[in-house]
Structure formats: structure tokens, C-alpha cells
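Remarks on the structure that follows.
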Amino acid sequence: MTEQTYALLIDGVKVATNDHFTVLNPANGQTVGHAPKASTAQLDAAVQAARTAFKKWSAVSDEERQQACLNIAAKIEEHSEELATLLTKEQGKPLNGLGSRFEIGGAKVWTQVTAALQILPKVLQDTEEGKVVLHRKPIGVVGSITPWNWPVMIAIWHIIPAVRTGNTVVCKPSPFTPLSTIRLIELMNEVLPAGVVNCITGDDSLGAAMSTHQGIDKIVFTGSCATGQKVMMSAAATMKRLTLELGGNDAGIILPDCDPKEIAEGLFWGAFINNGQTCAAMKRLYVHESLHDQVCEELANVVRTIPMGDGLDEANVIGPIQNTMQFEKVKGLVEDAKRKGARILTGGEAGEGLFYPTTLIAGVDNGWPIVDEEQFGPVLPIISYRDIDEVIERANDSPNGLGGSVWSKDIEKAKEIASRLECGSVWINKHGAIQPNAPFGGVKGSGIGVEFGEEGLAEYTNIQVIFS
Ligand code: NAD
């Protein structure tokens, strides 16, 4: 083997495994490295290390934990180009544009902002009858299970609020993109006490074993709705706390007062950031009938200017689909729409390897799989509408409720429509712009709980009320 073989990170030490699995570069099918396949005993060892570390870590001062997070941010910055290159190789997203460097930069900023957040005790009553104070205490060992689309950023979203509030962590990245997370956690271990953050990798069964593990107190999971439901079911026996960030089928609604040319680039990136493989990307676009054809044309013009290719080439800003399973899903949805008579405006035919051209589809409607299901790839269905009440109903006609957007020059009207959408975040004249000081999460089938901001931090704590 000439490619690097990686190790688990347990109790501050690199731990070799007997078995490995190969991680492939989706741009060319070449081997990026060999990831360790953890045994059940190694999962137990990681959990035990985190349990032992929790005793001390939960008792260190708030300032010390804050400083530790800032030290992690400095490590990410110092190694940003190395991390970005590894991420591009295993995930496929380009270094350039809203790709790997953007993700690693975001990971650093999220770490810094989360370090600065604080949850102070809250005095609920202070009278002659007595004092009642609400305290927030760390939960214990947090199991973090992450997906393949934004692996480094999402690992940071799980790990930093957990350690900031005094928990310890066992992180399991997706088997498609484990290497950048392993490296990230190696770097964290250069500045954290042993056992505070551990990393184990393996196939999906390792995630299932974490969800039932007696020694894990909370699971933070980001991934598909189907897996999220499994995690929730298997967490019941041990009454684990859960944060579930699941799939979305975000609708964008364009009101008749928009200028199609002006909004076309914003629409493009709202839908196609990370090649559409983003939970809160725009996954269906409803356009008022008076603007429908113009919006299709302007959006198609943008699509034609965006270079797609190997992410290590600085000229490219969109990469391949990350894996074959996802590629087949996207292809299948487009083929189904074609069979039903949809109009393909751009793309629509599979490219070489895992490259799938950015595809705009018109002449579709609710009830079609390409509209009703989460495509999670470079395809956007565009649907014409006439009446605002009816389009709100169609946007809400989904088991999911992650994000949504309204596009209009009349901001007040857009906000009124936003308030009628059944989802956790709504953007006006943009889509998917999350930030570390604003809570983010889904309603309905898109999950439970939120990440980011004080509300996100609170999810890593138990409440204890002291009556004196
Ligand atoms: P996935 O559900 O297939 O896998 C996610 C993780 O769960 C992986 O680490 C996987 O190994 C693990 N896993 C698989 N089976 C498991 C089981 N039975 N128990 C526990 N863990 C198990 O999801 P994916 O394909 O990696 O990611 C794509 C999905 O994630 C999309 O639906 C997307 O919308 C969603 N997502 C949501 C958010 C959000 O914040 N809401 C963010 C990113 C991605």
C-alpha cells in the first residue's frame, strides 16, 4: 500500500486496527487512503476513554474550556490547506469557490464563535420564600455520527458545543469521507486532554452500535431521515438525549415582482452549493407563472458559466457527486421525470464517472418523485404557480421542514409568507445561509432539536434546578 493508512484516535493515542477500508476520490476513482475499521472492543475502548475523561473535563473551568476551543480553531487555521486538500480528495468538492477552503474556514469560524458563547445560571426566583436557580450541566459522553456532504464542518458542529459545555465525545464520520475527520481529531488531540475527543471509523453498523451503547449519554446525528429514525428507535432503551439533523426538501418561492436576471446567481448557489448535496439547499423552486420562462432562461445562463470538474483543479467550482449510491439516486429521479414528460433545460444525461451535469427540469409538479423526494444532487425542478395561497400549501406539502426561501422586492410581504412556511429557517432573497449565532434545525420529519447559538449549546446540557 503506498497510500496512507490511518488509525483510530482513542484516549489521545493513535490506535491501529486489523481491518481497513479504502476511501476513493469521487473525481477519478483513485484511492485516497485506507481508513481503520474499528472492532466492537475498540468502540467500547473509545467510550470508556471518553467516560474517564469526562470526570475531569466536566469539572474544569469555563475559561479553560473556552481557551481549548480557541486552541482548536488555531490548529484548524494552521493546517487549513492540508485539511482542505484531503477533504477535496475524499469528498470531491473543489478547493475553490464554496468548496473545501470555504468549509475549513467555516469550521474555524464556527469554533471561534461557539467558544465565545456562554450559558449562565438563571435565577428563576429570589424572594423571601427562597431562591430558585436553573443550572446547566454537561450530559456526559456524546456520540457524534456525521454524513459525507460537509464532513469537517458537521464534525465541528457536533464536537465543539459538546466540549465547550464540558462533555466528552466519540465521533464516527461517514465511511465515504472519514479521513479529513480523523485528521481533524488528531489535531484537536494536540491541544486537548486525552480522551476528550475520540474518533472511530467503520461501516454503518458502528453507528448502530453507538445508538444502543450503554456508555453513550447523547447522540448527535446528522444524516438521512431514514437513518435518523433508526437512531431514535435504538436510543430509546438507554434514554439517550438526541439531536437529529435530518433531510430536507426546501422550497423556494419566487414572487412576481422579482427581476429574474438579478436573482439568478443567488438561486443557483441556493440550489447547487456543494453540487446540491446540502441538507438546506433549495430542492424545488416555485416560480410565478408570469416569470417562469424568464427565470428558467436566466438560471440556465448561469448554469452554463459554472465550471465543473476535478476539485484539485483551481478552475473548477463544482465537483462530482460524492458516491455511486447518490449518483444512481439522482440519475433515477431524472430518468423518471423524463419518462413522465418533463422538459430538461440543462444537463439531464449522466456524465463521465460520478460527474453529473447541473440539471434544470421544468414541466413538473408536486406528486412527481423529483419534486416530492430529496434529490440531494445537482438537479432542480422548477414548478410554475399562479396563486400564493396555493403555492404555500404546495411548499408545505412535505413530510420534511428544514428550510425555505421567499424571493421578492417587497420584504414585508416576503416575511409574511415566510411565517406561513412549515420549516425551521426561512431566507428572504437568498437560500441556505446559516450562521453560528442563529439556531438551525428542522421541524416535522427533518429532525429534533437545533444546532448553533445558545439554544444549540443548551442541547449539550441537562437542566438542574437548585431550590435554596
Ligand atoms: P446517512 O443517514 O446514510 O448516514 C449518516 C451517518 O449515519 C453515516 O455516518 C452512517 O455511517 C451512519 N449510519 C448509517 N446507518 C446507521 C444506523 N443504523 N445507525 C446509526 N448510524 C448509522 O446519510 P448520508 O447519506 O451520509 O447524508 C445525507 C443525508 O444527510 C441527506 O438526507 C441530508 O439532507 C442529510 N443532512 C442533513 C443535515 C442537517 O443539518 N439537517 C446536514 C447534512 C446532511
Side-chain angles (χ1 to χ4, degrees), residues 21 23 26 35 37-38 43 90-91 93 103 106 110 143-158 170-178 180-182 199-213 216 219-236 240 242-250 273-283 321-330 373-377 398-403 423-425 432 434 436 438-452 456 459:
F21 58 98
V23 179
K37 196 166 177 201
L43 166 63
E90 70 173 352
Q91 206 285 333
K93 65 180 67 187
E103 179 168 346
W110 241 274
S144 146
I145 304 176
T146 60
W148 48 260
N149 58 342
W150 294 86
V152 173
M153 188 89 109
I154 292 173
I156 287 291
W157 294 349
H158 290 185
V170 175
C171 179
K172 189 209 82 68
S174 164
F176 290 113
T177 53
S180 48
T181 306
I182 293 177
C199 185
I200 53 160
T201 58
D203 59 26
D204 292 347
S205 63
L206 199 56
M210 286 170 72
S211 322
T212 53
H213 204 289
I216 293 181
I219 293 279
V220 51
F221 170 86
T222 302
S224 62
C225 296
T227 312
Q229 287 170 3
K230 286 187 200 162
V231 169
M232 193 166 180
M233 282 189 275
S234 41
K240 287 186 193 353
L242 291 174
T243 300
L244 302 176
E245 295 289 356
L246 310 179
N249 194 10
D250 292 14
I273 183 168
N274 200 30
N275 214 7
Q277 303 166 119
T278 299
C279 52
M282 191 198 298
K283 301 204 171 115
I321 293 180
Q322 205 281 326
N323 58 72
T324 308
M325 189 186 64
Q326 195 58 39
F327 183 90
E328 292 300 330
K329 167 148 203 216
V330 167
E373 290 178 27
E374 185 189 33
Q375 69 276 41
F376 212 63
S398 166
N400 294 327
L402 195 55
C423 50
S425 306
I434 50 172
F440 171 78
V443 302
K444 302 199 280 188
S446 287
I448 287 188
V450 292
E451 297 185 278
F452 321 151
E459 298 236 348

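Only this structure's heavy atoms are used, side chains among them; waters, hydrogens and symmetry mates stay out. Order of appearance sets the numbers: ligands from 1, and atoms from 1 within every ligand.
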Any idea which residues sit under 4.0 Å from ligand 1, heavy-atom distances?
-> Ile145, Thr146, Pro147, Trp148, Asn149, Ile154, Lys172, Pro173, Ser174, Pro175, Asp204, Gly207, Ala208, Ser211, Phe221, Thr222, Gly223, Ser224, Thr227, Lys230, Val231, Glu245, Leu246, Gly247, Gly248, Cys279, Glu374, Phe376, Leu402, Phe440
How many angstroms lie between atom CG of Leu244 and atom CG of Leu242, to the nearest 0.5 angstrom?
-> 5.0 Å
Nearest-0.5 Å distance that lies between atom CD in Gln229 and atom OG in Ser224 |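 Interatomic distance, Gln229 CD to Ser224 OG, rounded to 0.5 Å: 9.0 Å.
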For residues Pro26 and Gln322, determine if any side-chain heavy atom of one lies less than 4.5 Å from a side-chain heavy atom of the other.
-> yes
Look at the rings of Phe452 and Trp157 and say which category their plane angle falls in: under 30° parallel, 30 to 60° tilted, over 60° perpendicular.
->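 Correct class here is perpendicular.
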Phe440/Trp110 under ring-ring contact (aromatic ring centres under 6.0 Å, His included): CA gap, chis, key distance, verdict | CA-CA 13 Å; Phe440 171 78; Trp110 241 274; 9.3 Å; no
Who pairs with Phe221 by ring-ring contact (aromatic ring centres under 6.0 Å, His included), at least two apart in sequence or on another chain?
->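 Result, ring-ring contact (aromatic ring centres under 6.0 Å, His included) vs Phe221: none returned.
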